[in-house]
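Protein chains get the first letters and strands the later ones, always in sequence-line order, with residue 1 at the start of each. Computed from a predicted model, the values in this text were never measured in an experiment.
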2 protein chains.
Amino acid sequence: MPTIMPEAITRRSLHDEVVSRLRDLIVEGEFRPGTRINERMLCERFAISRTPLREALKVLASEGLVELTPNRGATVATFTLRDIEEMFPVMGALEALAGELACQRITEAELAEIRALHYQMVVHFQKGELPEYFHLNQAIHEAMLAAARNPTLSNIFRSLSGRVSPARFRANMSRARWTRAVEEHEKILKALEARNGPLLSSLLKEHLSNKGETVREAMFAAEDTREAVG
Amino acid sequence: MPTIMPEAITRRSLHDEVVSRLRDLIVEGEFRPGTRINERMLCERFAISRTPLREALKVLASEGLVELTPNRGATVATFTLRDIEEMFPVMGALEALAGELACQRITEAELAEIRALHYQMVVHFQKGELPEYFHLNQAIHEAMLAAARNPTLSNIFRSLSGRVSPARFRANMSRARWTRAVEEHEKILKALEARNGPLLSSLLKEHLSNKGETVREAMFAAEDTREAVG
DNA sequence: TATAATTTTTTTGCATTCATTATTCATACA
DNA sequence: TGTATGAATAATGAATGCAAAAAAATTATA
């Protein structure tokens, strides 16, 4: 990944632009898992030719957000229960590492930032504002990854996280799970403040495992109402 | 990843073929880090047009093997010391997870296979045959990943591993490091046989950390001889 | 001679076109 | 009526063509 330089004029090529736009469409749920992607249709929508679109599709395929079948085109990737069960332990391991590194490297300023995000998140929890909660939740995890000072780790985690987003975005949480998630975040913050790497590490692993369970449940619920996530 | 069905005829599209061929050229060192990739040249070499080639380059860029600069084309990705320092802890965390999962799930047959690979690898070590050693080493790690039964994990690890391969491929090891690596592998095998997840996990983390050190050293050496790895 | 400016060449980015492969629809047949 | 076969249509895969940008080469100038 190219580092973004200050002052540098960011000239994005068309296919690059298409990649992020398409990614958003998928992650934010307009293109649901399983949907067939018609090239002509998207070309008209973005007012571009097929060449950059096809290049973008290849990239998204290698990221795992779309599936390409030879001569049959692209579909938005579908996740089976199995896929979810595979992904969360991996994300757990990655975030556990991030936590350990963050404990060694985090600055007071970064910690203060995370603390602020945390308590703002708690407010949204108390008001029952799920989308806002999600947003801050993600911001906290991002901030911790940033504090780990390992862009490679961040990128891989973000990519995985992006792949589950289409499922998570539409997943409701039971109040019980939600409460528990907030409690876990409380402990995570304390461990980070104490720079207790091993503890933070195991808390994060546990936390991600529970997140996985939440998405699992949501997928079951979705299946019942014929709104399959994947 | 599409499941391979029995009887199904696997038809690879051109760009897909190009992706793996180009990847091999990079990983096996024919295209060294930093080399500019000329589209016309590669088109002639593969006897294809620019379209599938460009699609392949986009994919390899998203895998991190090549770097694309707008209007300036592609170069084989270069790794700084810093990149290496970032990647190995991540690979360590991933393989540690793989080890834990493998302890839970590995079959006797798989274990026997790994054992066989291990002792064959030791033979190559004793004969000082580095390429063969590398090959078996990789096979062992692959087999353990397979035993973890988590294709998502395997894919991510493989992708990362592929990114460092261009560096590792050309890295020599001191006899001391090599001896130590073999000793570590011995312990790893024992832990796997004992299904001792936590032990295996920490051994692998340590092992990967040492691998990182080895590559680091090799990079320094390469820099000295004006043969920069990246 | 060294440097700057300008022209030429090369290379990249994207659109378009052509060929091949799926899919759909209509027809024939049991 | 339901299935099978074949033609028509649409979609994908890859090659070519064209415009813009970058690199190289040439000329002009101090």
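- Classification of Lys211(B) and Glu95(B) as a salt-bridged pair fails, no side-chain N sitting under 4.0 Å from a carboxylate O.
- Taking the side chain of Ser13(B) as heavy atoms from C-beta on, and the options dT21(C), dG13(C), dA14(D), the nearest nucleotide is dA14(D).
- Contacts of Leu53(B) with the nucleic acid, taken as non-hydrogen atoms under 4.0 Å apart, are absent.
- Across the protein-nucleic acid pair, Phe46(A) atom CZ and dA15(C) atom P stand 13 Å apart, rounded to whole Å.
- For the pair Leu42(B) CG and dT12(C) P, the interatomic distance rounds to 10 Å; values are reported in whole Å.
- The distance from atom CE of Met41(B) to atom P of dT11(C) is 10 Å, rounded to the nearest whole Å.
- Side chain of Leu14(A), nearest nucleotide from dA15(D), dG13(D), dC14(C): dC14(C).
- Picking from dT11(C), dA15(C), dA15(D) the nucleotide with the shortest atom distance to the side chain of Arg36(B) gives dT11(C).
- Taking a cutoff of 4.0 Å between a charged side-chain nitrogen and a carboxylate oxygen, Arg216(B) and Glu85(B) qualify as a salt bridge.
- Rounded to whole angstrom, the span from the CZ atom of Arg50(A) across to the P atom of dA15(D) amounts to 13 Å.
- Here the nucleotide nearest the side chain of Pro52(B), chosen from dA15(D), dT11(C), dG13(C), is dA15(D).
- Comparing dA14(D), dA11(D), dT12(C) by their nearest atom to the side chain of Arg40(A) picks out dA11(D).
- Within the 4.0 Å cut-off from OP1 or OP2 of dA11(D), at least one side-chain nitrogen or oxygen of Asn38(A) is found.
- A salt bridge links Arg82(A) with Glu86(A): the distance from a Lys NZ or Arg NE/NH1/NH2 to an Asp or Glu carboxylate oxygen falls below 4.0 Å.
- Between Glu55(A) and Lys58(A) there is no salt bridge, since none of the side-chain N atoms of the basic residue sits less than 4.0 Å from a carboxylate O of the acidic one.
- The phosphate of dT23(C) (OP1 or OP2) has a side-chain N or O of Arg72(A) nearer than 4.0 angstrom.
- For Arg54(A), taking side-chain heavy atoms from C-beta onward, the closest of the listed nucleotides dG13(D), dA11(D), dA14(D) is dG13(D).
- In this structure, the side chains of Val215(B) and Val164(B) stay at 4.5 Å or more apart for every pair of heavy atoms.
- Closest to the Glu39(A) side chain, of the nucleotides dA11(D), dG13(D), dA14(D), is dG13(D).
- Residue-level contact check: Ile37(A) touches the backbone only, with heavy atoms under 4.0 Å from sugar-phosphate atoms and none from bases.
- Distances were taken from every side-chain heavy atom of Ser49(A) (C-beta onward) to each of dG13(C), dG13(D), dC14(C); the shortest belongs to dC14(C).
- Closest approach to the His15(A) side chain among dC14(C), dT11(C), dA14(D) is made by dC14(C) (side chain taken as heavy atoms from C-beta onward).
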